[in-house]
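Data block below; observations after.
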Amino acid sequence: MANRLRSEVFRLYKNLLYLGRDYPQGKAYFRDRLKTAFMKNKDVTDPEKIRQLVARGDFVIKELEALYFLRKYRTMKKRYYDTEK
């Protein structure tokens, strides 16, 4: 059970680190904030609390993906549609 939770936390960290490459304020800023967030919760041992934190991390992943898609959409809209009308 503990190994499963551990692998979930590693998966979450790696996914967030990967998504942080395109963060608007920079990769280093995102990496530092991510590390701080994970270090703040490093002493949590309750499996239910760990599951809640992983679920919150998954929510953050969805929010980041939405942020990136919105940025790409705005760029495409600016590029291909005339906004002066």
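- Salt bridge E48/R51: present, at least one basic N to carboxylate O contact under 4.0 Å.
- In this structure, R71 places its CZ atom where more than 12 heavy-atom neighbours from other residues, nucleotides or ligands lie under 6.0 Å away.
- Side-chain atoms of R11 and V54, non-hydrogen and from C-beta on, do get closer than 4.5 Å to each other.
- Rounding to the nearest 0.5 Å gives a distance of 11.0 Å between OG1 of T45 and CG of L5.
- Looking at heavy atoms from C-beta onward, L67 lies out of side-chain contact with L70 at the 4.5 angstrom threshold.
- When all heavy atoms of G57 and L12 are compared, the pair lying nearest together is C-CD1, 3.5 Å.
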Go through K62 and E65 one step at a time and tell me if the salt bridge (charged side-chain N to carboxylate O under 4.0 Å, His left out) criterion holds.
CA-CA 5 Å; K62 290 177 185 173; E65 288 173 343; over 6 Å; no
Give the C-alpha distance, both sets of side-chain angles, the deciding distance and a yes or no for side chain to side chain contact (heavy atoms under 4.5 Å, CB included) between K40 and T36.
CA-CA 6 Å; K40 183 175 80 172; T36 302; 5.6 Å; no
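- Closest of all the heavy-atom pairs between F30 and G20 is CD2-CA, 3.3 Å.
- In this structure, Y81 contributes its side chain and M76 its backbone to no donor-acceptor pair below 3.5 Å.
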Chi angles and distances behind the side chain to side chain contact (heavy atoms under 4.5 Å, CB included) call for F69, L64
CA-CA 9 Å; F69 287 136; L64 282 171; over 6 Å; no
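- A distance of 8.0 Å separates CG of N15 from CG of D58, quoted to the nearest 0.5 Å.
- Rounded to the nearest 0.5 Å, atoms CZ (R31) and OH (Y23) are 14.5 Å apart.
- The heavy-atom pair separating F38 from V9 by the smallest distance is CE2-CG1, 3.8 Å.
- Taking both residues in full, the closest heavy atoms of L16 and I61 are given as CD2-CG1, 3.6 Å, listed atom of the first, atom of the second, then distance.
- Relative to the six-membered ring of Y18, R21 meets both conditions, a distance below 6.0 Å and an angle of at most 45° to the axis.
- With rounding to the nearest 0.5 Å, the separation of CG in L17 from NZ in K27 is 7.0 Å.
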